[in-house]
Amino acid sequence: MKKLLSLLLPLLFLSVALGLEPKCESQDQDSTLKVYHVYSHCSPFKPSKQLSWEENVLEMAKKDEARLQYLTSLVTGKSVVPVASARQIIQSPTYIVRAKIGTPPQTLLMAMDTSNDVAWIPCSGCVGCGSTLFNNVKSTSYKSLDCRSPQCKQVPNPTCPTGTCSFNMTYGGSSIAANLSQDTIALATDIVPGYTFGCIQKTSGSSIPPQGLLGLGRGSLSLLAQTNNLYKSTFSYCLPSFKSPNFSGSLRLGPVGQPIRIKYTPLLKNPRRSSLYYVNLVGIRVKRRILDIRPSAFAFNPTTGAGTIFDSGTVFTRLVEPAYTALRDAFRKRVRPNATVSSLGGFDTCYNVPIVAPTITFMFTGMNMTLVPDNFLIHSSAGSTTCLAMAAAPDNVNSVLNVIANMQQQNNRILFDVPNSRLGVAREVCT
C-alpha cells in the first residue's frame with residue numbers, strides 16, 4: 001500500500017511540492033471551459049487533511065476498477081454487476097467544469113462524463129446531497145416539466161404523483177430520485193435557455209458527483225442533443241498530465257476553434273448503448289512491432305457490447321485479457337528481457353531499476369495514436385520504481401470492453417465530431 005502511494009502521490013500532488021497556486025478564479029472564454037481534476041487545488045472536493053489525501057488516492061485506484069465494472073454493466077444491459085467481496089459499484093468522473101445555472105446565475109462545478117447522457121443537479125431540499133445545492137426556488141427562469149412534455153418520455157421510469165414528471169434511476173452504486181426540470185445554463189460565455197435536467201430531490205450512495213453531472217454522450221437528453229443548434233454536436237477536450245502544476249485543461253464546445261491538423265477514426269454506433277463512443281481498434285504496436293493479437297479481441301459487436309471506447313472517467317486503460325497480455329509481454333521483452341518484474345496494486349509490470357521504455361501505439365481505422373512514456377508509465381517519488389500503467393480487465397469482471405482511459409489521452413486534443421461520425425486525436429500540451 002505504501003509503495004502504491006509513492007507511485008500515485010507524486011503524479012497527483014506535484015503542485016504541492018512546487019508551491020504553485022493555479023489561477024482558480026480565471027474566467028472561461030468564448031465556448032471553452034477550463035477542466036480541473038477533482039484533486040486539483042481548484043477543486044472543492046479535494047481532501048483537506050493529509051491522511052485523507054492518501055486515503056483518497058487509494059480510493060481513486062479502487063474507483064477505476066469499479067468504473068470498468070460500471071461500463072461493463074452498461075454494455076451488457078445489466079443494472080448490477082456481481083463484484084467480489086460484495087463491494088459497492090462506484091463510478092465517479094475524474095474531471096469537473098464550471099457551469100452557471102438559473103437567473104440570477106448560481107455557479108456549480110459539474111463532473112464531465114463522456115459515457116453518460118443526462119444532466120443532474122442537486123436542488124434545494126435534496127435529501128442525501130452535499131452542502132452545495134442549486135436553489136431552484138430563487139431562480140426566476142426555473143420550471144418543472146409535467147408528464148405531457150415530450151422529454152418525460154425520454155427519462156427512465158417516469159412517474160407523475162403530483163403532475164410533475166419525476167423519475168428514478170441508478171448511477172454506479174447510487175440511486176437518484178429527481179424531477180425533470182428546465183432552466184438557463186451558462187457555459188463559458190454561451191447562454192442556453194430551457195436546458196432540461198434532473199433536479200435531484202433524493203439520493204443514496206456515494207457515486208453521485210456532489211454538484212451535478214454534465215453528460216457528454218450522444219443520447220437524446222445529452223448536452224450535445226440539447227445544444228445542437230449552438231454547438232453542432234461537436235466538442236473536444238484536452239486533459240493535462242498529472243504532472244501539470246494546476247491540472248487545468250480545457251473543454252471546447254462547438255466546431256469553432258477545433259484543430260485543423262488532426263487525424264480521425266470513424267465512430268461506431270451501438271443501438272443498445274448509443275451514448276458510448278465506440279471506435280475500431282485494429283491493432284497495437286510496441287515500438288515498430290505490431291503485436292500478434294487475434295481480431296476477436298478488438299471486434300465490435302453491438303449485441304454483446306464488445307469493442308473499444310474512449311472514456312473520460314477511467315484513469316488507466318484496460319484491455320481484454322489477450323490484448324493486454326500480448327502488450328505486456330512485448331513491453332517486458334523490449335525494456336529489459338532478463339530484469340526482475342514485480343507487481344504493485346493493479347499493475348503487474350513494475351521495475352526497481354531504471355528503464356528505457358518504447359513507444360506504444362494504438363492502431364485504429366484510419367488513425368494511429370502513439371503514446372509517449374508519460375502516457376503509460378508511473379514512477380515512485382524517488383524514481384526507484386516504475387510501472388506500466390495499463391491493465392487487463394479485473395478477474396471478477398467478464399469484460400468484453402477495451403477502454404482507452406484518460407491517462408492515455410492526456411496531452412492530446414480529443415475531438416468528438418458526431419455529425420460526421422468521427423473521433424480525432426492531435427498531440428497538444430494541455431496546460
Side-chain angles (χ1 to χ4, degrees), residues 68 71-72 74-75 114-115 216-218 224 232-239 255 258-312 314 316-327 330-331 358-372 375-376 390 392-393 399-428:
L68 185 70
L71 293 171
T72 299
L74 288 183
V75 301
T114 57
S115 295
L216 294 172
R218 292 188 275 181
L224 300 193
K232 311 301 180 186
S233 293
T234 302
F235 72 96
S236 70
Y237 56 70
C238 197
L239 306 176
Q258 301 296 356
I260 298 174
R261 299 184 62 182
I262 188 169
K263 294 182 179 181
Y264 291 97
T265 188
L267 284 171
L268 307 178
K269 294 182 179 179
N270 182 344
R272 297 178 65 205
R273 289 298 171 188
S274 59
S275 61
L276 299 179
Y277 290 102
Y278 278 91
V279 291
N280 190 28
L281 179 64
V282 296
I284 300 174
R285 189 172 66 211
V286 175
K287 201 167 184 178
R288 296 185 182 90
R289 180 193 167 199
I290 298 176
L291 306 184
D292 184 15
I293 302 172
R294 64 176 185 265
S296 60
F298 303 133
F300 174 60
N301 186 329
T303 301
T304 64
T308 302
I309 67 168
F310 272 70
D311 179 51
S312 65
T314 309
F316 305 113
T317 286
R318 298 279 188 157
L319 300 171
V320 296
E321 192 277 331
Y324 175 72
T325 298
L327 184 155
F331 179 86
T359 57
I360 295 175
T361 300
F362 291 128
M363 306 169 68
F364 303 96
T365 300
M367 177 190 83
N368 289 342
M369 182 180 180
T370 298
L371 308 179
V372 297
N375 285 118
F376 59 81
M390 299 185 198
S399 179
V400 293
L401 196 63
N402 300 294
V403 181
I404 308 301
N406 64 49
M407 182 176 178
Q408 283 64 53
Q409 297 177 43
Q410 288 168 4
N411 281 324
N412 285 284
R413 174 68 55 180
I414 312 296
L415 173 58
F416 298 79
D417 182 357
V418 175
N420 294 304
S421 194
R422 59 186 185 173
L423 181 147
V425 177
R427 197 72 185 168
E428 178 180 326

- Student check: side-chain heavy atoms of I309 and R273 closer than 4.5 Å: no
- Item | Within-4.5 Å side-chain heavy-atom neighbours: N411 and V372 | no
- Message: R285: which residues meet the salt bridge (charged side-chain N to carboxylate O under 4.0 Å, His left out) condition with it, sequence neighbours left out?
- Response: none
- Can you measure from CD (Q408) to CZ (R318) and round to the nearest 0.5 angstrom? 11.0 Å
- Quick one: are Y264 and V279 in side-chain contact, heavy atoms under 4.5 Å? no
- Inter-residue atom distance Y324.OH - T317.OG1, 0.5 Å rounding: 11.0 Å
- Taken to the nearest 0.5 Å, the spacing of L281 CG from L268 CG works out to 11.0 Å
- Query: Looking at M407 and N375, what are the two nearest heavy atoms and their distance?
  - Reply: O-ND2, 3.0 Å
- CZ of R218 to CG of L276: how many Å apart, nearest 0.5 Å? 8.0 Å
- Message: Going by side chain to side chain contact (heavy atoms under 4.5 Å, CB included), F310 matches just one of I404, T114, V403. Which one?
- Response: I404
- Taking all atoms of both residues into account, what is the closest heavy-atom pair of S233 and L224, and its distance? OG-O, 3.6 Å
- When rounded to the nearest 0.5 angstrom, what is the spacing between CG in N402 and CZ in F300? 12.5 Å
- Query: If we ignore angles and hydrogens, is there a donor and acceptor under 3.5 Å between the side chains of T265 and T365?
  - Reply: no
- To the nearest 0.5 Å, what is the distance between CD1 (I284) and OG1 (T361)? 10.0 Å
- Query: Taking Y278 for the side chain and N301 for the main chain, is one N or O donor matched with an acceptor at less than 3.5 Å?
  - Reply: no
- Query: If every non-hydrogen atom of R413 is compared with every non-hydrogen atom of E428, which pair is closest and at what distance?
  - Reply: NH2-OE2, 3.0 Å
- Exercise: do D311 and S115 side chains pair donor with acceptor under 3.5 Å: yes
- Would you call the rings of F235 and Y277 parallel, tilted or perpendicular, where under 30° means parallel and over 60° means perpendicular? perpendicular
- Task: List for me each residue that meets ring pair (Phe, Tyr, Trp, His ring centres under 6.0 Å) alongside F362, sequence neighbours excluded, and say none if there are none.
- Result: none
- Item | Closest non-hydrogen atom pair between V425 and M369, with its separation | CG1-CG, 4.2 Å
- S312 and N406: which non-hydrogen atoms are nearest, and at how many Å? O-ND2, 3.1 Å
- Query: Considering all heavy atoms of both residues, which atom of A330 and which atom of L291 are nearest to each other, and what is their separation?
  - Reply: CB-CD2, 3.4 Å
- Item | Close side-chain approach of F364 to K263, heavy-atom, < 4.5 Å | no
